[in-house]
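Right, one structure below, let's go through it.
By convention here, the first residue in the shown sequence is residue 1.
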Amino acid sequence: MKKILFYSAAAMLSVTMAACGGNKKAAEAATEEPETPAYTVVDKEQVDIASLPVDADGFITLFNGKDFTGWRGYGKDVVPSRWTVEDGCIKFSGTGNGESQSGEGGDIIFAKKFKNFELQLEWKISKGGNSGIFYLAQEITTKDAEGNEKYEPIYISSPEYQVLDNANHPDAKLGKDNNRQSASLYDMIPAVPQNQNPYGEWNKASILVYQGTVVHGQNGENVCEYHLWTPQWTDMLQASKFSQAKWPLAFELLNNCGGENHEGYIGFQDHGNDVWYRNIRIKILD
């Protein structure tokens with residue numbers, strides 16, 4: 001990436017005043033744009049959804065309640081064993097180790113990229129649990145110091161609909177203005193009103209993505225709205241943990257969320273806690 005130097009007007013004025021014998025202040029140091037590591041967007045074969053059931057409202061069933069047809073692990077060819085089908089639900093059996101995913105765990109995705117859509121599903125979380133729903137995600141790899149290829153976390157390319165036990169998980173009190181509570185755009189926009197049902201009870205989630213407009217719904221109410229690929233979106237990223245200074249790769253990927261075609265995977269997060277998902281369906285709005 002080309003390095004660009006930025007100089008503020010205040011710095012130039014300071015130098016001028018010093019030369020004239022005025023208020024002597026050191027000129028502000030030029031700031032340098034952080035380097036973005038080289039990365040690869042992995043393109044794997046997509047699932048053919050033509051044979052999946054479609055209901056009277058035009059929603060396609062993404063999970064049949066019986067097996068993982070159409071699903072696989074993020075960066076993998078199969079579903080990790082800690083994800084199982086239980087009583088018509090997708091269940092993750094937690095390790096209790098947070099984001100330090102074990103070999104039997106990891107995030108999962110439906111192996112088809114979607115662009116404009118309305119996603120609907122239900123979820124419930126264990127006491128003190130944490131998970132998330134990803135959308136417009138890409139599979140991203142970089143190389144380590146020895147030149148070995150590794151997968152980067154899914155959340156550096158994908159917005160996250162937070163799934164959380166607000167009453168018992170500490171993340172509910174972190175971030176800013178409750179922007180890490182359930183149905184929030186994680187670490188950026190809080191869900192308002194916060195109408196979550198408590199742990200162990202089912203919650204209804206919806207995510208609408210249409211030509212850059214995104215709306216999160218929770219239990220029948222729209223609770224969060226924002227607009228991708230706008231100056232406002234860039235500003236939100238810069239104010240988050242994914243800023244250019246803190247995480248240049250995440251900033252670049254999220255700032256152009258969905259890549260060149262503005263499309264990506266839907267996924268569920270392994271955050272180390274028990275979580276259940278069911279009645280997963282999508283309406284394509286292209």
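- Rounded to the nearest 0.5 Å, atoms CG (L121) and CZ (R278) are 11.0 Å apart.
- With hydrogens and angles disregarded, no donor-acceptor distance shorter than 3.5 Å links the side chain of N203 to the backbone of Q196.
- At least one donor-acceptor pair under 3.5 Å links the side chain of D144 to the backbone N or O of E146.
- Taking the side chain as every heavy atom from C-beta outward, M188 and W233 approach each other to under 4.5 Å.
- In this model, no donor atom of one side chain and acceptor atom of the other lie less than 3.5 Å apart for N195 and N219.
- Heavy atoms from other residues, nucleotides or ligands lying under 6.0 Å from NZ of K176 number 12 at most.
- Between the side chain of D55 and the backbone N or O of G58 there is at least one donor-acceptor pair closer than 3.5 Å.
- Between the side chains of Q194 and N166, at least one donor N or O sits under 3.5 Å from an acceptor N or O.
- Atom-to-atom distance recorded for W71:CH2 and I280:CD1 is 4.5 Å, nearest 0.5 angstrom.
- With a 6.0 Å radius and a threshold of 12 heavy atoms from other residues, nucleotides or ligands, E260 has its CD atom at or below the threshold.
- When side chains are defined from C-beta on, V163 counts as touching V275, because their heavy atoms get closer than 4.5 Å.
- Q162 and S182 share no side-chain donor-acceptor pair at under 3.5 Å.
- Within the 4.5 Å cutoff, no side-chain heavy atoms of K124 are placed close to those of Y199.
- No donor-acceptor distance shorter than 3.5 angstrom exists from the side chain of T61 to the backbone of N64, with no hydrogens or angles considered.
- Inter-residue side-chain proximity for E122 and Y277 is flagged as unmet; no heavy-atom pair is nearer than 4.5 Å.
- Between R82 and D270 there is no side-chain heavy-atom pair separated by less than 4.5 Å.
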Trace of the side chain to side chain contact (heavy atoms under 4.5 Å, CB included) decision for I140 with L253: CA-CA 9 Å; I140 302 297; L253 292 167; 3.9 Å; yes
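- Panel note: side chain E152, backbone T141; no donor-acceptor pair is recorded below 3.5 Å.
- Ion pairing between a basic and an acidic side chain is recognised when a charged N comes within 4.0 Å of a carboxylate O; R72 and E45 show no such pairing.
- Atom OH of Y186 sits about 8.5 Å away from atom CG of N179, to the nearest 0.5 Å.
- Few gaps surround NZ on K283; more than 12 heavy atoms of other groups in view lie less than 6.0 Å from it.
- When each of F92, W83, Y74, F134 is paired with F268, the side-chain contact (heavy atoms from CB on, under 4.5 Å) condition holds for W83 and for no other.
- Of the charged side-chain nitrogens involved, at least one lies within less than 4.0 Å of a carboxylate oxygen, so that R180 and D187 count as a salt-bridged pair.
- Between C257 and P159 there is a side-chain heavy-atom pair separated by less than 4.5 Å.
- Between F68 and F63, the angle of the ring planes lies from 30° to 60°, which puts this pair in the tilted group.
- Taking the six-membered ring wherever Trp is involved, the centroid distance between the rings of Y135 and H216 falls below 6.0 Å.
- Separating the CH2 atom in W247 from the CG atom in L249 is a distance of 8.5 Å, to the nearest 0.5 Å.
- Under a 3.5 Å cut-off, the side chain of E225 and the backbone N or O of V215 do not form any donor-acceptor pair.
- A donor and an acceptor atom, one from each side chain of Q238 and S243, are nowhere located under 3.5 Å apart.
- Under the 3.5 Å distance criterion, with hydrogens and angles disregarded, no donor-acceptor pair is assigned to the side chains of Q244 and E252.
- F117 is not listed as a side-chain neighbour of F59, based on a closest heavy-atom distance of 4.5 Å or more.
- K115 contributes atom NZ, which lies 12.5 Å from atom CG of L285 (distance to the nearest 0.5 angstrom).
- Put simply, the side chain of S184 gets close to the backbone of A191: a donor and an acceptor are under 3.5 Å apart.
- Counting heavy atoms of neighbouring residues, nucleotides and ligands inside a 6.0 Å radius, atom CG of D286 exceeds 12 of them.
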List the steps, then state whether side chain to side chain donor-acceptor pair (under 3.5 Å) holds for T234 with N255. CA-CA 6 Å; T234 301; N255 201 35; 2.7 Å; yes
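- Minimum interatomic distance between P248 and T36 (heavy atoms only, all atoms of both residues): O-OG1, 3.8 Å.
- Looking at heavy atoms from C-beta onward, P190 lies out of side-chain contact with Q181 at the 4.5 angstrom threshold.
- For the residue pair K113/Q138, the side-chain donor-acceptor check at 3.5 Å is satisfied.
- With salt bridges taken as basic N to acidic carboxylate O contacts below 4.0 Å, none links D165 and K127.
- The distance from the CD atom of Q46 to the CG atom of D48 is 10.5 Å, given to the nearest 0.5 Å.
- T213 and H227 share a donor-acceptor pair across their side chains, judged by distance under 3.5 Å alone.
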